[in-house]
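Down below is the structure, laid out as structure tokens.
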Amino acid sequence: MSIDVAVFGVMFVVVLGSSIAMLFARNAVHVALFLVVTQIGLAVAFLLEGAYFIAAIQIIVYAGAIMVLFLFVIMLLGVDRREALNEPLRGQRPLAVGLAALLAAEVLYVAYKGSDLITTGGGSQALQDLNADPGNVKALARVVFSRYLLPFEVTSILLVVAVVGVMVLARQMSAISPVSARSGSSVADKEEAA
Amino acid sequence: MPISYFLVLSALLFSIGVYGVLARRHAVLVLLSIELMLNAVNINLVAFSALLEKAGLDGQVFALFVIAVAAAEVGVGLAIVILIYRNSQDTDVGELSLMKW
């Protein structure tokens with residue numbers, strides 16, 4: 001057994017264990033922390049696939065920035081909220097078990113049929129050459145800034161729109177409601193009168 | 001290493017994410033499960049990028065875009081959750097029937 005497969009096995013257990021623990025953790029903070037563990041494990045998976053830059057971004061952006069945002073909101077909304085896991089839909093559980101078994105069979109079949117699609121550790125030969133000669137980051141930058149330049153710019157527009165949208169959404173509603181606007185103007189009037 | 005290892009991992013993670021979205025009631029936890037699903041998609045993209053000779057780095061570029069879109073989605077989603085909490089003092093997605101016809 002090669003070292004790649006051993007690392008993958010450890011990563012598999014950690015990722016699956018923490019993501020299943022996400023489902024059963026009662027405390028919202030624990031759920032977020034389990035997701036951090038899952039994402040660090042997935043960064044190891046990206047390393048195994050030869051995607052070094054994506055692995056770094058996974059830890060910096062996902063496990064770092066996005067999860068801090070989540071934890072911040074969980075703290076803001078209160079962490080001691082318990083939730084009931086009862087099922088409102090009638091007959092949903094047996095149907096779900098059946099469909100899940102079907103999906104599991106499909107997954108096992110694909111895994112069996114696809115077991116001859118083998119990548120060496122660190123990806124295909126072309127990917128390894130790219131990672132060796134210009135380096136992963138340089139090769140990625142060449143692709144992003146040439147063939148995928150337009151989608152890249154569209155992504156930046158998306159991020160700007162999201163930032164402006166969040167600012168508009170998260171504003172205090174009282175600041176723009178007509179009642180407070182009237183009271184604000186009346187205060188200004190009083191000040192002018194004074 | 002067979003690529004099916006990564007595909008099975010991705011399928012399991014995606015299924016766990018779907019279950020989390022459907023079963024969880026807290027809106028923030030639903031968003032966390034969506035993040036898990038997006039991560040599973042990234043695993044697939046990067047795995048096929050590592051498998052196919054001609055693909056080169058295209059799958060990794062797609063994974064980058066998915067991460068950027070996920071960041072935007074989390075920002076807007078959490079802002080909406082905060083707004084809902086501010087208006088109704090509740091983040092249970094089962095209780096939000098204001099827009100139900």
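A, B, ... follow the sequence lines: proteins, then strands. Residue 1 opens every chain. Quick caveat: nothing in here was measured; it's all calculated off a predicted structure.
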Chain B contact via [X] - side chain, backbone, both or neither, heavy atoms under 4.5 Å:
X	answer
A:Thr38	side chain
A:Phe8	side chain
A:Leu103	side chain
A:Tyr62	side chain
A:Met11	side chain
A:Phe53	side chain
A:Leu35	side chain
A:Val166	both

Any idea which of B:Val8, B:Ile16, B:Val69, B:Leu12 has the most non-hydrogen atom pairs under 4.5 angstrom with chain A?
-> B:Ile16
Of the listed residues (B:Leu7, B:Val76, B:Leu9, B:Leu38), which shares the most heavy-atom pairs with chain A below a 4.5 Å separation?
-> B:Leu9
Any luck finding a side-chain donor-acceptor pair between B:Asn42 and A:Gln58 under 3.5 Å?
-> no
For the candidates [options], which exhibits the highest count of non-hydrogen atom pairs separated by less than 4.5 Å from chain B?
options	answer
A:Val161, A:Thr155, A:Leu108, A:Leu140	A:Leu140
A:Ile20, A:Val154, A:Val163, A:Ile66	A:Ile66
A:Ile57, A:Leu42, A:Val107, A:Val144	A:Leu42

With side-chain contact (heavy atoms from CB on, under 4.5 Å) as the test, would you mind laying out the steps for A:Val5 and B:Tyr5 before giving the verdict?
-> CA-CA 9 Å; A:Val5 179; B:Tyr5 289 6; 4.1 Å; yes
Quick one: are [X] and [Y] in side-chain contact, heavy atoms under 4.5 Å?
X	Y	result
B:Val46	B:Phe62	no
B:Glu73	B:Ile34	yes
B:Ile82	B:Arg86	yes

Ignoring hydrogens and angles, tell me if any N or O in the side chain of B:Ser10 forms a donor-acceptor pair with the backbone of B:Phe6 under 3.5 Å.
-> no
The reported gap from CE in A:Met22 to CD in B:Glu35 (rounded to nearest 0.5 angstrom) is 9.5 Å
How many angstroms lie between CG in B:Leu45 and CD in B:Gln60, if you round to the nearest 0.5 Å?
-> 10.5 Å
On the 0 to 90° scale, with breaks at 30° and 60°, tag the A:Phe152-A:Phe145 ring pair as parallel, tilted or perpendicular.
-> perpendicular
Honestly, the part of B:Ala11 sitting under 4.5 Å from a heavy atom of chain A is side chain
